[in-house]
Amino acid sequence: MSSDCIFCKISQHELPADIVYEDDDLVAFNDIGPQAPTHVLIIPKTHIASVNELTEANCNVVSKLVLCAKTIANERGLAEPGYRLVMNCNAEGGQTVFHVHLHLLGGRQLKGLG
Ligand code: AMP
Ligand code: ZN
């Protein structure tokens, strides 16, 4: 837990969020500024600032994030039409919240990455 991290606070239920899934390792909640009909953020409960901080010791959680995104996508009928998973890293990657998170985007035709 990082005391000044909003995603840590959401995972500890210290800040409100529209949580769609939670277990011992991760929390999934609707993005506050959705870019698609489905825009869910999936985060580890453990504070990891960015992909740059992933190591052999803590990277197992990433597969859990992806599997959670897959399950949510399936539940919403997005598996067949398709969806996008995105992890931004640091400033030029477009990261604005420095707690690792996976974006699940779907429900409309997504364009190329810019
Ligand atoms: P990124 O730019 O990849 O770091 O993504 C951060 C995302 O977090 C953005 O899409 C924001 O809209 C979203 N966001 C920021 N604060 C909140 C919040 N309190 N609840 C839900 N989503 C948030
Ligand atoms: Zn955090």
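All values below were derived from every heavy atom in this structure, side-chain atoms included, with hydrogens, water molecules and symmetry-related copies excluded. Ligands are counted one by one from 1 in listed order, and the atoms in each one are counted from 1 as well.
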Between atom [atom1] of [X] and atom [atom2] of [Y], what is the distance when rounded to the nearest 0.5 Å?
X: Cys8; Y: Phe98; atom1: SG; atom2: CZ; value: 14.0 Å
X: Leu67; Y: Ile42; atom1: CG; atom2: CD1; value: 10.5 Å
X: Ser11; Y: Asp25; atom1: OG; atom2: CG; value: 11.5 Å
X: Leu41; Y: Asn30; atom1: CG; atom2: CG; value: 8.5 Å

Taking only non-hydrogen atoms of [X], do any sit less than 4.0 angstrom from ligand 1?
X: Gln35; result: no
X: Phe7; result: yes
X: Met87; result: no

By number and element, which atoms of ligand 1 are closer than 4.0 Å to a non-hydrogen atom of [X]?
X: His101; result: 1 (P), 3 (O), 4 (O), 5 (O), 6 (C)
X: Gln95; result: 4 (O)
X: Gly33; result: 12 (O)

Inset, instruction - Could you name the option among Asn30, Ile32, Thr96 that has the heavy atom nearest to atom 14 (N) of ligand 1? - result: Ile32
Inset, instruction - Give the single entry among Asp31, Leu15, Ile10 that approaches atom 19 (N) of ligand 1 most closely by any heavy atom. - result: Ile10
Inset, instruction - Can you tell me, to 10 degrees, how wide the angle at the Zn ion (ligand 2) is between SG on Cys5 and SG on Cys8? - result: 120°
Legend entry - Minimum-distance N/O/S atom that His99 presents toward the Zn ion (ligand 2): ND1
Legend entry - Identity of the N, O or S atom of His47 lying closest to the Zn ion (ligand 2): ND1
Inset, instruction - Using distance alone, decide if ligand 1 has a nitrogen or oxygen within less than 3.5 Å of any nitrogen or oxygen in Gly94. - result: yes
Inset, instruction - Looking only at distances, please establish whether an N/O atom of ligand 1 is found under 3.5 Å from an N/O atom of Val97. - result: yes
Legend entry - Residues Glu53 and His47: side-chain donor-acceptor under 3.5 angstrom: no
Legend entry - Short side-chain to backbone donor-acceptor contact, Arg108 and Gln35, under 3.5 Å: yes
Inset, instruction - Would you confirm whether Asn90, through its side chain, and Gly93, through its main-chain N or O, come within 3.5 Å as a donor-acceptor pair? - result: no
Inset, instruction - Assess whether ring pair (Phe, Tyr, Trp, His ring centres under 6.0 Å) is satisfied between His99 and His101, documenting all intermediate values. - result: CA-CA 6 Å; His99 178 128; His101 50 280; 7.9 Å; no
Legend entry - atom 16 (N) of ligand 1: nearest protein contact (heavy atom, Å): Ile6 CD1, 3.5 Å
Legend entry - Val61 and its side chain to side chain contact (heavy atoms under 4.5 Å, CB included) partner, picked from Ile48, Thr46, Ile43, Val66: Ile48
